[in-house]
*Asks:* 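Structure incoming, see below.
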Amino acid sequence: MDAMRGGSHVSEDAHDQVSALVTGGGSGIGLGIARALLASGATVTIAGRSAERLLAARHALAAQSLDVSRLHEVTADITHEEQAEAAVAAAAATAGPLTAVVACAGEPRGQMAPVTELDLGQWRSVYENNVVGTMLTLKYGARELVRAGGGSFIAISSISALLTARFAAPISSAKAALEQLCRVAAVELGPSDVTVNVIRPGLVVVPRQDLPAEMADDFVSIIPLHRLGAPDDIAGLVRFLTGPEARWVTGQVISIDGGQTLNRAFDARPWVEPVFGQDRMRGLVPRVMS
């Protein structure tokens, strides 16, 4: 642990002593994070709801000539407390004391709608998947990090938490809550040598992403680097935050967005207008007559 947490020596392969749990590790950003950690020598447990998706992730990583003998899978819905607790326990039992936990599972978009049209069920779903899931991963993951003598907790947020995007109130407010949760945790866990940080990605291209072409064009137009993100863009920062160079970095929220936060939020109108129309987009909802 001296090489990882506060010591002066850094091993040549700094991640060969890292044991990491990555929730949402079966696809998208989570899979990219698992790939980067495996390639750096870490032992990695990926958790997700779908056993089939986790198995497909194993095959994909093996096909890239990575050492999947250091990869483990656990099927769990981390919005359910008993499953979140069991997933953390399984990762610690299988891969040794956990030194890194990455909370990547979440609902990336949520309902796009005016605040006067928000659906309570969809609102609760966004909070369950992003805030509750992260809280439970933190609750049980941090216990293992403390028992290990220190480690790194990283949560994946979104630039939606910072930028004011019309019609994106559910995901924006949920990610903002996630970020404040992690700031509080950083203060509480610092004395146990546990760092807590948040990564705030911009739009990252992942499979099964239903993005209207007009909206994709809008994103690219407001990103100074003129491209959308890739999972590897996020994974590189995770690799840094779980390594020895980041042992004095905690309580930070770091945007990786190609510079988008220098400009403005995305325009959700292409999603929202066909559903609600212009009048309802400005809050004019017909009164329901009984």
Side-chain angles (χ1 to χ4, degrees), residues 22-30 33 47-49 76-81 83-84 87 101-142 153-188 196-204 206 208-211 215 219 229 231 234 237-238 251-257 260-261 264-269 271-272 275-276:
V22 181
T23 68
S27 63
I29 293 175
I33 292 168
R49 291 185 174 120
D77 181 344
I78 50 86
T79 66
H80 295 283
E81 185 159 13
Q83 294 188 43
V101 177
V102 184
C104 189
E107 187 173 335
R109 186 173 69 214
Q111 182 188 20
M112 292 287 183
V115 293
T116 50
E117 303 278 356
L118 292 174
D119 176 80
L120 181 57
Q122 293 187 62
W123 178 274
R124 285 176 170 156
S125 175
V126 169
Y127 271 73
E128 283 286 321
N129 286 302
N130 291 284
V131 184
V132 174
T134 299
M135 180 274 289
L136 291 173
T137 304
L138 174 63
K139 176 180 178 178
Y140 293 104
F153 183 91
I154 301 162
I156 304 301
S157 181
S158 165
I159 59 172
S160 295
L162 175 66
L163 298 175
T164 305
R166 293 191 307 161
F167 317 121
I171 191 64
S172 296
S173 58
K175 292 297 191 182
L178 176 159
E179 292 182 6
Q180 189 65 1
L181 166 68
C182 290
R183 290 188 184 98
V184 173
V187 175
E188 293 182 8
V196 182
N197 293 288
V198 177
I199 296 175
R200 190 187 271 160
L203 181 61
V204 174
V206 296
R208 305 186 310 279
Q209 188 176 57
D210 181 22
L211 186 68
M215 187 175 292
F219 265 103
I234 313 306
L237 182 54
V238 172
Q252 303 305 303
V253 180
I254 305 171
S255 296
I256 304 183
D257 60 4
Q260 183 184 339
T261 45
R264 61 168 173 83
F266 70 96
D267 181 8
R269 182 183 52 79
W271 254 322
V272 175
V275 178
F276 297 101

*Asks:* If you measure from CD1 on Ile154 to CD1 on Ile254, what distance do you get to the nearest 0.5 Å?
*Replies:* 9.0 Å
*Asks:* Please give me the minimum heavy-atom distance between Gly133 and Ile78, naming the atom from each residue.
*Replies:* CA-CD1, 3.3 Å
*Asks:* Identify the heavy atoms of Leu178 and Ala155 that sit nearest to each other, and give their distance.
*Replies:* CD2-CB, 3.8 Å
*Asks:* Within the side chain of Asn130, is there an N or O that forms a donor-acceptor pair under 3.5 Å with the backbone of Gly106?
*Replies:* no
*Asks:* By salt bridge (Lys or Arg N to Asp or Glu O under 4.0 Å), which residues pair with Glu81, not counting sequence neighbours?
*Replies:* Lys139
*Asks:* For the residue pair Val131 and Ala174, what are the closest heavy atoms and their distance?
*Replies:* CG2-O, 3.3 Å
*Asks:* Would you check if the side chain of Lys175 reaches a backbone N or O of Pro108 as a donor-acceptor pair within less than 3.5 Å?
*Replies:* no
*Asks:* If we only count heavy atoms from C-beta on, is the Val196 to Glu188 side-chain gap below 4.5 Å?
*Replies:* no
*Asks:* Minimum heavy-atom separation for Gly24 to Ala105, with atom names?
*Replies:* N-CB, 3.7 Å
*Asks:* Measuring from Glu179:CD to Ser158:OG, what's the distance to the nearest 0.5 Å?
*Replies:* 8.5 Å
*Asks:* What's the separation between atom CD1 in Ile29 and atom CD1 in Ile199, rounded to the nearest 0.5 Å?
*Replies:* 9.0 Å
*Asks:* Taking the side chain as every heavy atom from C-beta outward, state whether Leu118 and Gln111 have any pair of such atoms under 4.5 Å apart.
*Replies:* yes
*Asks:* Do Phe153 and Thr137 come within less than 4.5 Å of each other through their side chains, counting heavy atoms only?
*Replies:* yes
*Asks:* Can you give me the closest heavy-atom contact between Leu138 and Ala185, atom names plus distance?
*Replies:* CD2-CB, 3.7 Å
*Asks:* Given side-chain contact (heavy atoms from CB on, under 4.5 Å), test Arg183 with Val253 step by step and report yes or no.
*Replies:* CA-CA 9 Å; Arg183 290 188 184 98; Val253 180; 3.6 Å; yes
*Asks:* Are Gln122 and Pro170 close enough that some pair of their side-chain heavy atoms sits under 4.5 Å apart?
*Replies:* no
*Asks:* Please check this pair: side chain of Asp257 against backbone of Pro201, looking for a donor-acceptor N/O pair closer than 3.5 Å.
*Replies:* no
*Asks:* Quick one: closest heavy-atom pair of Ile159 and Gln260, and the distance?
*Replies:* CD1-OE1, 3.2 Å
*Asks:* So does Cys104 get a backbone contact from the side chain of Thr23, meaning a donor-acceptor N/O pair under 3.5 Å?
*Replies:* yes
*Asks:* Does a sphere of radius 6.0 Å around CZ in Arg264 hold more than 12 heavy atoms from other residues, nucleotides or ligands, not counting ones at 6.0 Å or beyond?
*Replies:* yes
*Asks:* Are the side chains of Val22 and Val238 in contact, using a 4.5 Å heavy-atom criterion?
*Replies:* no
*Asks:* Spell out, as yes or no, whether a donor-acceptor pair under 3.5 Å connects the side chain of Thr79 to the backbone of Glu128.
*Replies:* no
*Asks:* Go through Leu237 and Asn197 one step at a time and tell me if the side-chain contact (heavy atoms from CB on, under 4.5 Å) criterion holds.
*Replies:* CA-CA 11 Å; Leu237 182 54; Asn197 293 288; over 6 Å; no
*Asks:* Any non-hydrogen side-chain atom of Arg109 less than 4.5 Å from a side-chain atom of Ile171?
*Replies:* no
